[in-house]
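Each remark here refers to the structure printed beneath this line.
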Amino acid sequence: MKSDSKRPGQVCDQKSEPRAKAASAAAPDAELNWPTAATCRQLRRQVLSWFAKHRRDLPWRRTQDPYGVWVSEVMLQQTQVPTVLDYWPRFMQRFPTVQDLAQAPIEDVLRIWEGLGYYRRARQLHAAATAIVERHAGKFPTDFADVLALPGVGRYTAGAVLSISQQQSWPILEGNTLRLYSRLLGLRTDPTTSANQKILWQYAEHLVPQCRAGEFNQGLMEIGGQVCKVKEPRCATCPLRTHCAAYQQGSQDQIPAEKTRKTKWETKTEVLVLLQHRSRWLGRTIPAGQRWAGLWDFLRFDVGWLEADKGSDPKWPQSDRILQWLQQEIEREFGLQCELAAGGEPIRHGVTRFRILLAWATGRVISGRLSPTATDQGWRWLSSTELQATALNVTARKIFNQDHRARTSR
DNA sequence: AATTCGGGGTC
DNA sequence: GACCCAGAATT
């Protein structure tokens, strides 16, 4: 890491810190275990010294480059550390700088992102890189408001990137710290309500030190993830147990309180068709504005309306009846005559609001040409090489690979 | 304040 | 299947 003379000693020597106003000294709620200034100082030291000893060696912790830290933080949004482990190095190798990312076609970014989920993040990351090139001459901004203004960057991510890469003093609140703060405070009500979010952010502001805020924040998250776990928190070895209201009350299991959420699922039944013509497959990119925009997909049919058959046919939705219907549809919509065969086991795909039972079929074109209407909608024949290079919907990739393996092993 | 993003992994 | 995860944007 370079030692820039413009930032001597980093934030410690700065008089006025570009952070949010200090939280009021008084506790927002007398019921809560709001720490005194002395307790805060002790707690900070304990976090830093614990982190120095127990810090995991994660790939993105080896850089101080704000760009690299930013990429890692976006990947880690609602995504667990082990999942990101392989993605971050690949991404950084393919797009080493903001410029590389900005210049790359979005298709390439999505291909690297494939399987990570929440693809909007990849599009926003790409758009933000373009904005950084335009607005900040390609240099990642170090002003909080500028970082916050980037698409896909909220209060957490802006604070995390600037504290970790620049040691600027900003508070953070995410999954791990939400739980940790709630227990330390003894917050017994649903921590996700806006009133409690406000309290927790205030608490984070109250705790964050002027110096080494990045290490402190990472230490908090590490304690939250490795010690202050959801189930069976390791209080006996927690460096903060003496300050923890939940530990003193023995209420670790009740905190954080259950979220009041009502998940209503909608069940869908779909059939994906891997339609082959010579050595190419029929696919298209999903149009802009729609979900999964920019990702490739194969033919996909909603067969939920045929639910009536479900009870009577054990092989549903891969029954001959469905396959016949699919053949008719493909001839009608695409002008192609084909023969179809049922694929392997249907895949259950749980996503945010839908539970999809995805069956699949493979087929070959017997005769006909792709209709102009279909061509206009972006459908075209893709080679195996092209399919390797483009970003596919995850279940589509899974099915394609499975079919490919089955074919080559025969 | 609730919902979406149609994610993915883990018990 | 329920729950969690280094959340953000939209309505």
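In the text below, chain A, chain B and the rest are named by the order of the sequence lines, each starting its count at 1. Note that this is a predicted model, so its numbers are computed, not measured.
Taking atom CD on A:Gln197 and atom P on C:dG7, their separation rounds to 11 Å, with Å as the unit. Taking atom CG of residue A:Leu180 and atom P of nucleotide C:dC4, one finds them 16 Å apart after rounding to whole Å. Whole-Å rounding puts the A:Phe51 CZ to C:dA6 P distance at 14 Å. For A:Arg348 and B:dG9, the CZ to C1' distance is 18 Å, given to the nearest whole Å. The separation between A:Leu76 atom CG and C:dC4 atom P is 19 Å, rounded to whole Å. One can place CG of A:Leu178 at 16 Å from P of C:dC3, the figure rounded to the nearest angstrom. Atom P of nucleotide C:dG7 and atom CG of A:Leu148 are separated by 16 Å, given to the nearest angstrom. The CD-P distance, from A:Gln77 to C:dA6, rounds to 12 Å in whole Å.
Aromatic ring orientation, A:Phe334 versus A:Phe301: perpendicular (interplanar angle above 60°, classes split at 30° and 60°). The aromatic rings of A:His277 and A:Trp381 sit tilted, their planes meeting at an angle between 30° and 60°.
When each of A:Arg61 and A:Gly152 is assigned the nucleotide of DNA chain C with its nearest heavy atom, A:Arg61 is the one assigned upstream, toward the 5' end. When each of A:Ile164 and A:Leu150 is assigned the nucleotide of DNA chain C with its nearest heavy atom, A:Ile164 is the one assigned upstream, toward the 5' end. Residues A:Ala195 and A:Glu114 both approach DNA chain B. Their nearest nucleotides, taken by heavy-atom distance, put A:Ala195 toward the 5′ side. Residue order along DNA chain B, read from the 5' end via each residue's closest nucleotide, puts A:Gly115 first among A:Lys231 and A:Gly115.
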A:Arg94 and A:Asp100: salt bridge (charged side-chain N to carboxylate O under 4.0 Å, His left out), yes or no, with the steps? CA-CA 8 Å; A:Arg94 173 66 182 80; A:Asp100 294 318; over 6 Å; no

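Phosphate proximity of C:dA8 to A:Thr157: present, with a side-chain N or O under 4.0 Å from OP1 or OP2.
The salt bridge (charged side-chain N to carboxylate O under 4.0 Å, His left out) contacts involving residues 43-55 of chain A comprise nothing, where partners must be two or more places apart or lie in separate chains. Counting only residues at least two apart or on different chains, no salt bridge (charged side-chain N to carboxylate O under 4.0 Å, His left out) pair has a member in residues 168-186 of chain A.
Annotation: C:dC4 and B:dG6 have their P atoms spaced 22 Å apart (nearest Å). Taking atom P on both nucleotides, C:dA6 is separated from B:dT4 by 24 Å, rounded to a whole Å. Here the separation of C:dC5 from B:dC5, taken at their P atoms, is 22 Å to the nearest Å.
Residue-environment remark: NZ (A:Lys198) stays at or below the threshold of 12 foreign heavy atoms within 6.0 Å. Counting non-hydrogen atoms of other residues, nucleotides and ligands closer than 6.0 Å to CZ of A:Arg61 gives a total above 12.
Listed candidates were C:dC4, B:dC5, B:dG6. Nearest to the side chain of A:Lys268 is B:dG6. When the nucleotides C:dC5, C:dA6, B:dG7 are ranked by their closest atom to the side chain of A:Arg179, C:dC5 comes out on top. Considering only the side chain of A:His349, B:dG8 comes nearest among C:dG1, C:dG7, B:dG8.
Interface residues of residues 119-130 of chain A facing DNA chain B, ordered by number: A:Tyr119, A:Arg120; criterion, heavy-atom separation under 4.0 Å. Of the residues in residues 78-97 of chain A, those with a non-hydrogen atom less than 4.0 angstrom from any atom of DNA chain C are A:Gln78, A:Thr79, A:Gln80, A:Val81.
Side-chain N/O atoms of A:Gln276 and A:Thr362 include no donor and acceptor closer than 3.5 Å. Counting only N and O atoms by type, the side chains of A:Thr192 and A:Asp190 include a donor and acceptor under 3.5 Å apart.
Applying the salt bridge (Lys or Arg N to Asp or Glu O under 4.0 Å) criterion to A:Arg120, with sequence neighbours excluded, gives no partner residue. Residues meeting the salt bridge (Lys or Arg N to Asp or Glu O under 4.0 Å) test with A:Asp253, sequence neighbours left out: none.
Residue contacts for A:Ile286: at a heavy-atom cut-off of 4.0 Å it reaches no nucleic acid atom on any strand shown. A:Trp113 comes within 4.0 angstrom of no nucleic acid atom, judged by non-hydrogen atoms across all strands.
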